[in-house]
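Structure record follows, encoded as structure tokens.
Residues: numbered from 1 along the sequence shown.
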Amino acid sequence: VNNAARAGAQYGSQTVITAADSNGMIAAARADASNIANLTATATQCTCVSPSSLGACPANYCTNAPQGTFVEVDTQASFRTLVNYPGIPFSTTFAGKAIMQVDQ
């Protein structure tokens, strides 16, 4: 799940054009996790430059890159055990997140 998020963010961080391609980032994440049927992914971008039509990044992103644009890909998938084991949940959800600066 983490690798899928990273794959989506790597796709989006290539250029400002790919950073705007949320569907492409989601597709890259899903392609990386093709063996996980119930994977969901979301992709967003933000910028440290103000004013901008993009959302503002959290301040900690902008500390080292005050002119930076970033992409974030979040992934999630549920997992169920084949057999119930005492003391172990039958179902759990795994989440992944990747944040990368866009190459300008």
Side-chain angles (χ1 to χ4, degrees):
V1 176
N2 274 331
N3 287 344
R6 187 176 304 114
Q10 284 175 329
Y11 170 80
S13 68
Q14 295 176 77
T15 66
V16 292
I17 294 169
T18 56
D21 183 9
S22 294
N23 290 331
M25 288 186 272
I26 291 169
R30 287 186 178 149
D32 187 74
S34 61
N35 60 332
I36 303 174
N38 63 353
L39 182 88
T40 60
T42 58
T44 57
Q45 64 174 328
C46 65
T47 186
C48 297
V49 179
S50 179
S52 175
S53 60
L54 297 177
C57 291
N60 61 330
Y61 291 16
C62 304
T63 301
N64 293 325
Q67 300 297 311
T69 299
F70 294 83
V71 293
E72 178 179 325
V73 177
D74 297 292
T75 55
Q76 183 173 314
S78 59
F79 172 78
R80 292 181 175 209
T81 60
L82 295 174
V83 178
N84 283 336
Y85 295 100
I88 297 176
F90 175 70
S91 171
T92 190
T93 301
F94 293 101
K97 176 184 289 236
I99 302 163
M100 292 187 181
Q101 185 175 355
V102 177
D103 287 337
Q104 301 290 333

Enumerate the residue pairs fulfilling disulfide bond (SG atoms under 2.5 Å apart) with a member in residues 74-104, sequence neighbours excluded, ordered by first and then second residue.
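Residue pairs passing disulfide bond (SG atoms under 2.5 Å apart), neighbours aside: none found.
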Identify all side-chain donor-acceptor contacts of residues 79-101 below 3.5 Å with residues at least two apart in sequence or on another chain.
unit_1, atom_1, unit_2, atom_2, d
Thr81, OG1, Val83, O, 2.9
Lys97, NZ, Glu72, OE2, 2.9

Might you confirm whether atom CG of Asn64 has over 12 heavy atoms from other residues, nucleotides or ligands at distances under 6.0 Å?
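Open.
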Sequence neighbours excluded - ring-ring contact (aromatic ring centres under 6.0 Å, His included) pairs with any residue from residues 23-65
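Every ring-ring contact (aromatic ring centres under 6.0 Å, His included) pair that includes a residue of residues 23-65, provided the two are not neighbours, is Tyr61-Phe70.
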Show the nearest heavy-atom pair for residues [X] and [Y], with the distance to one decimal.
X	Y	value
Ile36	Ala77	CG2-CB, 3.6 Å
Thr75	Ala41	CG2-CB, 4.0 Å
Ala4	Leu39	CB-CD2, 4.2 Å
Gly8	Val73	C-CG2, 3.6 Å
Val1	Gln76	CG1-N, 4.2 Å

Find out if a path of hydrophobic residues (ILVMFWY) with successive side-chain heavy-atom gaps under 4.5 Å connects Val16 to Met25.
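Val16 clusters together with Met25.
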Side chains of Thr69 and Val49: does their closest heavy-atom pair fall under 4.5 Å?
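In short, these two side chains do not touch, never coming nearer than 4.5 Å.
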Please give the remaining members of the hydrophobic cluster of Ile26, linking ILVMFWY side chains under 4.5 Å, ordered by chain and number.
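So far as hydrophobic clustering goes, Ile26 is joined with none.
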Is there less than 2.5 Å between the SG of Cys48 and that of Cys62?
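In this structure, Cys48 and Cys62 share a disulfide.
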Going by side chain to side chain donor-acceptor pair (under 3.5 Å), name the pairs with one or both residues in residues 10-25, residues two or more places apart or in two chains.
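Non-adjacent pairs meeting side chain to side chain donor-acceptor pair (under 3.5 Å): Tyr11-Asp21, Thr15-Thr18.
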Just jot down the side chain to side chain donor-acceptor pair (under 3.5 Å) partners of Ser78, sequence neighbours excluded, or say none.
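For Ser78 the side chain to side chain donor-acceptor pair (under 3.5 Å) partners, ignoring immediate neighbours, are Asn38.
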